[in-house]
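We count residues from 1, following the sequence as given.
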Amino acid sequence: MKAYFEQLTYYQPEMLRAIGETGYMLLIAVLVAVLIGLPLGTFIFLTRRNGVLESPGWSFVLNNYVNVVRSFPFLLFVVALIPVTRWVVGSSFGTYAAAFPLAFVAIALYARLVEQVLLDIPQEVIELAHVLGATNRQLIFNFLYVEARSGLVLSLTSVIISMVSYSTIMGIVGGGGIGDFAIRYGYQRYEYSVMYTTIAIMVIGVIGIQVLGTALSRHLDKRKK
């Protein structure tokens, strides 16, 4: 046990830096998911067949973007996106570069989940908005998002947890992170206690995210008021 704590003390600076890198990647990915994925999913919902803004062309393009990104094997997606990452970020290595493909996937994942949550809203809510003469903006912010807020929070929680999983392989572009730390300092150096400790930290972190997301979702669920 003494040797175990000595190991942790020795690797503590690197571990803390890796946790910080993962947090930074997740922060960027989640912010982009909310800022772009939320309106994208909303637009997909509105432009669907018989939707408020029905548009077969836009619906086809946006749905295919989401489908392609979600179905692409993530590791190959990261590699394929390297030229674009280098052009946008200025480098294909580092935390910024790692956050770029994560953001792409986060947008697609959240957009699809947002669409599914909005599809669960009773049609009567939309009809009520029309009867009251609500504009499209009022329909979205005063009716759809209010009705779906609990589901949107749960969906975002799922996206964050997925991003934690995806971030573990970002060492391929030098992004670092807790997963890369577990492989380099735990697996490759045969320091299995370090590797399992890192895994335990990730599991505890994911459980914490889920608990917080579920609690916030329940708080926002107007059906339980």
Side-chain angles (χ1 to χ4, degrees), residues 18-46 58 61-119 140 144-145 148-180 202-203 205-214 216-217 220:
I19 293 174
E21 290 169 345
T22 295
Y24 187 75
M25 287 187 285
L26 291 178
L27 178 61
I28 293 177
V30 172
L31 283 177
V32 173
V34 173
L35 294 177
I36 301 179
L38 177 59
L40 178 61
T42 304
F43 198 55
I44 291 175
F45 168 77
L46 295 174
W58 276 112
V61 171
L62 297 178
N63 271 292
N64 275 280
Y65 162 75
V66 172
N67 290 336
V68 169
V69 174
R70 290 175 68 235
S71 62
F72 214 110
F74 184 64
L75 182 58
L76 296 179
F77 182 75
V78 173
V79 174
L81 211 62
I82 284 178
V84 181
T85 303
R86 186 182 295 115
W87 179 70
V88 173
V89 181
S91 172
S92 59
F93 293 90
T95 306
Y96 281 108
F100 188 70
L102 275 178
F104 260 91
V105 175
I107 290 171
L109 288 177
Y110 195 44
R112 182 60 75 207
L113 291 174
V114 167
E115 180 201 12
Q116 293 173 357
V117 171
L118 295 179
L119 285 171
I140 294 171
L144 296 181
Y145 286 171
R149 56 189 179 182
S150 176
L152 292 175
V153 169
L154 274 181
S155 297
L156 184 60
T157 302
S158 297
V159 171
I160 295 173
I161 292 174
S162 296
M163 291 302 100
V164 173
S165 177
Y166 286 137
S167 70
T168 59
I169 64 172
M170 295 315 298
I172 192 172
V173 291
I178 194 69
D180 182 55
M202 293 181 64
V203 170
V206 166
I207 293 174
I209 293 170
Q210 185 63 68
V211 169
L212 289 174
T214 301
L216 180 57
S217 175
L220 295 174

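- Atom CD1 in Ile107 sits 4.0 Å away from atom CD1 in Ile36 (nearest 0.5 Å).
- In this structure, Thr168 contributes its side chain and Val164 its backbone to no donor-acceptor pair below 3.5 Å.
- Applying the side chain to side chain donor-acceptor pair (under 3.5 Å) test to pairs two or more places apart or on separate chains, those with a residue in residues 31-42 are Thr42-Tyr145.
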Quiz: residues 205-214 side-chain donor-acceptor pairs under 3.5 angstrom, not counting sequence neighbours:
{"from": "Gln210", "atom 1": "NE2", "to": "Thr214", "atom 2": "OG1", "distance (Å)": "3.1"}
{"from": "Thr214", "atom 1": "OG1", "to": "Gln210", "atom 2": "O", "distance (Å)": "2.8"}

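- With sequence neighbours excluded, no residue satisfies side chain to side chain donor-acceptor pair (under 3.5 Å) with Thr157.
- Listed by chain and residue number, Val32 satisfy the side-chain contact (heavy atoms from CB on, under 4.5 Å) test with Ala103 (two or more places apart in sequence, or in another chain).
- Shown here are the side-chain contact (heavy atoms from CB on, under 4.5 Å) partners of Val61, two or more places apart in sequence or in another chain: there are none.
- With sequence neighbours left out, Tyr65 forms a ring pair (Phe, Tyr, Trp, His ring centres under 6.0 Å) with no residue at all.
- Within the structure, salt bridge (charged side-chain N to carboxylate O under 4.0 Å, His left out) pairs that include any residue of residues 86-104 do not occur (at least two apart or interchain).
- Under the side chain to side chain donor-acceptor pair (under 3.5 Å) criterion, the residue pairs touching residues 23-32 are Tyr24-Tyr96, with sequence neighbours excluded.
- Ser165 contributes no side-chain N or O that, together with a main-chain N or O of Ile161, makes up a donor-acceptor pair within less than 3.5 Å.
- By the ring pair (Phe, Tyr, Trp, His ring centres under 6.0 Å) test, Phe45 pairs with no residue at all, sequence neighbours left out.
- In this structure, the side-chain contact (heavy atoms from CB on, under 4.5 Å) partners of Val159, at least two apart in sequence or on a different chain, are Ala106, Leu109, Tyr110, Leu113, Met163.
- With sequence neighbours excluded, the residues satisfying side chain to side chain donor-acceptor pair (under 3.5 Å) with Asn63 are Ser59, Arg112.
- Among residues two or more places apart in sequence or in another chain, the side-chain contact (heavy atoms from CB on, under 4.5 Å) test is passed with Leu216 by Val153, Leu220.
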